[in-house]
Amino acid sequence: MRFCPSPTGTPHVGLVRTALFNWAYARHTGGKFIFRIEDTDAARDSEESYEQIIDALSWLNLDWDEGINVGGPHEPYRQSQRSDIYTEVIEKLKATGRVYESFSTPEEIEARNLAAGKDPKVGYDNFDRNLTEEQKAAYRAEGRQPALRVRVPDEDITFDDLVRGEITFPAGSFPDFVVVRPNGDPLYTLVNPVDDAIMQVTHVLRGEDLLSSTPRQIALHHALIDAGFTTHIPRFGHLPYVMGEGNKKLSKRDPEANLFHHRDRGFIPEGLINYLALLGWSLSHDRDIFSIQEMVKAFDVVNVNPNPARFDQKKADAINGDHIRLLTVEDFTARMIPYLQAGNVLSNDPTDVQLEILAAAAPLVQTRMNVLSEAPELLEFLFTPASQITYAEDALKGLPENSSVVVAASVEALELIPEAEFTHDVIQEALNSALIEGLELKPRIAFGPLRTAISGRRISPPLFESMEILGKQDTIDRLVRFNER
RNA sequence: GGCCCCAUCGUAUAGCGGCCUAGUACGCUGGCCUCUCACGCCGGUAACACGGGUUCGAAUCCCGUUGGGGUCACCA
């Protein structure tokens, strides 16, 4: 198996899903996973993008056995550094006659099609297939350099797609195609099959957009076999698209196409991998939450669904939330920290007191989040001094008339609790008898004002537990301040 | 336009000739739990694109139609 992205732009979820399926299949079968970079287009490739792809795979814990940064028997693994290899391959291919020199320019090809009364879209007309040495010499005399084209066999090309079954492209459905530019630069059309051949790749899993280029690659593989570079043609499998809203392919412009957008929102790798796996595959008929290990154990490409899948943010969030709940509290706590720092709730170097508060609060919020970026909003009040609590508008609006009476009665009741016994169950008991029984209030009426006084919000983690974390003094300060506002 | 791919609830999918009056999850929704919000639990909603075959029997196999998508570069 191999994963061989072009480093253009930020990593796309479709790209990551392709990586995941390749990786999972390699792990499932015990095969090798090769990571290679296809950077033959200097104009579009960037070093930044290259690093982002590595960042993405590392974040998701998709490791590779051979390739970038880990080496292997076919180094180097960046195509921009493999020119010598391609030069040699090109020479051999020319010698076998499977590749020929073509002097036609795109303009000339179009003009010939027009002159013949054909749609210019039919493309190259195989004009230069049988040029004589004299004709070639004449072109050269004009100062022209030839591109190299593969002579495509004059017969149907059939292959058995791993996810779609048998697919046949009729003879003549595509013309001889360019593999090397006139200046000698090899193109993707050459380099991709060549490296797959040299690196002994047996299974190619890639996006559906490459389906129609597969017969060309197979033609080239045959040429490579003739030239002695390999003995077999890999098996191909074409994964369905990941679509966005409506029926459009998830475009690079859509924010949810960007892997790092999801990381920034607080997806954990477990959750994102689980969701991405569900786009075209399923573990079983009645379960869609699973670990990567379970996926590896069960994953087979032949079970991949061939139809395109829409990316559903709500479902993705729900899956992530389930995985957040699966984390141990300690793990969950640690993973929240960067998001709390990003939200300016925690300092870059949290104090022991802050960490203690966080540890106490974490279990209260673990069931209240789908993505980790919800943490700052939920926990901020615990790290804010009583004097700086601000009250949200919707929280104040929903309060009953007698709020100040309720709060005053609460202060009275809480004052009676010894500091050492200021725990959530004691607090609850005290408040229950003071407000529910004493003032004969409904719980909703009684605790609403307290929640706002403590957290400034209409929605918060459980009230009594929050009070316990804040401690007696801070709790009372907040209540008093609320009544003085 | 040529060639290729795809077609089950709104979404993701289960289904590979009888277990299907079509299952599960998300979503939406009613309820229970409950100090808010969640979590959890119980219920509801909603689909085999259409038309022909093959067969005792079709969501499942075949053909056609329609619809969607891709690709036809000296990009990848």
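Hydrogens, waters and symmetry mates play no part in the numbers below; they use all other heavy atoms, side chains included. Letters go in sequence order (proteins before strands), and every chain restarts at 1.
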Show every salt bridge (charged side-chain N to carboxylate O under 4.0 Å, His left out) that has at least one partner inside residues 103-118 of chain A, sequence neighbours left out.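 Found Glu108(A)-Arg144(A), Arg112(A)-Asp125(A).
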Once you round it to whole Å, what is the distance between [atom2] of [N] and [atom1] of [X]?
X: Leu399(A); N: C35(B); atom1: CG; atom2: P; result: 18 Å
X: Phe290(A); N: A14(B); atom1: CZ; atom2: C1'; result: 14 Å
X: His285(A); N: A12(B); atom1: NE2; atom2: P; result: 21 Å
X: Phe311(A); N: G27(B); atom1: CZ; atom2: C1'; result: 15 Å
X: Met243(A); N: U13(B); atom1: CE; atom2: P; result: 12 Å
X: Gln366(A); N: G40(B); atom1: CD; atom2: C1'; result: 14 Å
X: Glu374(A); N: A38(B); atom1: CD; atom2: P; result: 11 Å
X: Ile319(A); N: C26(B); atom1: CD1; atom2: C1'; result: 7 Å

What parts of residues 446-459 of chain A reach RNA chain B, counting only heavy atoms under 4.0 Å away?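 Going residue by residue through residues 446-459 of chain A, the ones with a heavy atom under 4.0 Å of RNA chain B turn out to be Phe447(A), Arg451(A), Arg458(A), Ile459(A).
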Please work out which residues in residues 270-280 of chain A have a non-hydrogen atom less than 4.0 Å from an atom of RNA chain B and list them by number.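 Leu278(A), Leu279(A), Gly280(A), in order of number.
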Holding to ring pair (Phe, Tyr, Trp, His ring centres under 6.0 Å), I want the full list of residues that pass it with [X], two or more places apart in sequence or in another chain.
X: Phe299(A); answer: Phe21(A), Trp281(A)
X: Phe127(A); answer: none
X: Tyr25(A); answer: His203(A)

Please measure how far the [atom1] atom in [N] lies from the corresponding atom in [M], and state the result in whole Å.
N: C50(B); M: G44(B); atom1: P; result: 26 Å
N: G27(B); M: A12(B); atom1: C1'; result: 11 Å
N: G2(B); M: U21(B); atom1: P; result: 42 Å
N: C48(B); M: U11(B); atom1: P; result: 12 Å
N: G1(B); M: G15(B); atom1: C1'; result: 38 Å
N: A47(B); M: A22(B); atom1: P; result: 10 Å
N: C5(B); M: U65(B); atom1: P; result: 15 Å
N: G67(B); M: C61(B); atom1: P; result: 23 Å

Sugar-phosphate means primed atoms, P, OP1 and OP2; the rest is base. With that split, encode nucleotides 70-76 of chain B 5' to 3' as B, S or - using protein heavy atoms under 4.0 Å. SSS-BBB
Side chain of Lys314(A) only, please: which of C6(B), C3(B), C26(B) is the nearest?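 The answer is C26(B).
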Both Leu463(A) and Arg325(A) contact RNA chain B. Which one's nearest nucleotide lies toward the 5' end?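 Residue closer to the 5' terminus by nearest nucleotide: Leu463(A).
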Tell me, please, which residues at least two apart from Glu330(A) pass side-chain contact (heavy atoms from CB on, under 4.5 Å).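 So Glu330(A) forms a side-chain contact (heavy atoms from CB on, under 4.5 Å) with Thr328(A).
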Pair up each side-chain donor or acceptor in residues 376-384 of chain A with any protein partner under 3.5 Å, not counting sequence neighbours, and list the distances.
{"from": "Glu377(A)", "atom 1": "OE2", "to": "Arg457(A)", "atom 2": "NH1", "distance (Å)": "3.1"}
{"from": "Thr384(A)", "atom 1": "OG1", "to": "Glu380(A)", "atom 2": "O", "distance (Å)": "2.8"}

Taking a pair as Watson-Crick or G-U wobble with both distances under 3.5 Å, which nucleotide is matched to [N]?
N: C48(B); result: none
N: U24(B); result: A12(B)
N: G1(B); result: C72(B)
N: G40(B); result: C32(B)

Would you list the atom pairs, donor with acceptor, under 3.5 Å between side chains in residues 180-187 of chain A and any protein atom, with sequence neighbours excluded?
{"from": "Asn183(A)", "atom 1": "OD1", "to": "Asp185(A)", "atom 2": "N", "distance (Å)": "2.9"}
{"from": "Asn183(A)", "atom 1": "ND2", "to": "Asp185(A)", "atom 2": "OD2", "distance (Å)": "3.3"}

Find out whether the Lys NZ or Arg CZ of Arg149(A) is both under 6.0 angstrom from the six-membered ring centre of Tyr124(A) and within 45° of the ring's axis.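 Yes, Arg149(A) and Tyr124(A) form such a contact.
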Would you mind reporting whether Ile167(A) and His238(A) have side-chain heavy atoms less than 4.5 Å apart?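 Not touching, per the 4.5 Å side-chain cut-off.
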Do side-chain atoms of Ser173(A) reach the backbone of Phe169(A) as a donor and acceptor pair under 3.5 angstrom?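 Flag not set: sc Ser173(A) to bb Phe169(A) has no pair under 3.5 Å.
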So, Asn483(A) side chain and Ser404(A) main chain: donor-acceptor pair closer than 3.5 Å or not?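 Answer holds: yes.
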Below 4.0 Å: OP1/OP2 of C37(B) and any side-chain N or O of Arg368(A):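 Checking Arg368(A) against C37(B): no side-chain N or O falls below 4.0 Å of OP1 or OP2.
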Mind jotting down which residue pairs meet the ring-ring contact (aromatic ring centres under 6.0 Å, His included) criterion with at least one end in residues 425-451 of chain A? Sequence neighbours excluded, please.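 Only Phe447(A)-Phe464(A) qualify under ring-ring contact (aromatic ring centres under 6.0 Å, His included).
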Enumerate the ring-ring contact (aromatic ring centres under 6.0 Å, His included) contacts for residues 308-332 of chain A, please, sequence neighbours excluded, ordered by first and then second residue.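 Matches after skipping sequence neighbours: His262(A)-Phe311(A), Tyr275(A)-Phe311(A).
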Could you check whether the rings of Tyr139(A) and Phe103(A) sit parallel, tilted or perpendicular, using 30° and 60° as the cut-offs?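 If you compare the ring of Tyr139(A) with that of Phe103(A), the planes turn out parallel.
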At 4.0 Å (heavy atoms only), tell me whether Pro462(A) reaches a base, stays on the sugar-phosphate, or touches nothing.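 Pro462(A): base contact, heavy atoms under 4.0 Å.
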Taking any heavy-atom pair under 4.0 Å as a contact, classify Ser282(A): base, sugar-phosphate, or nothing.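 Sugar-phosphate contact only.
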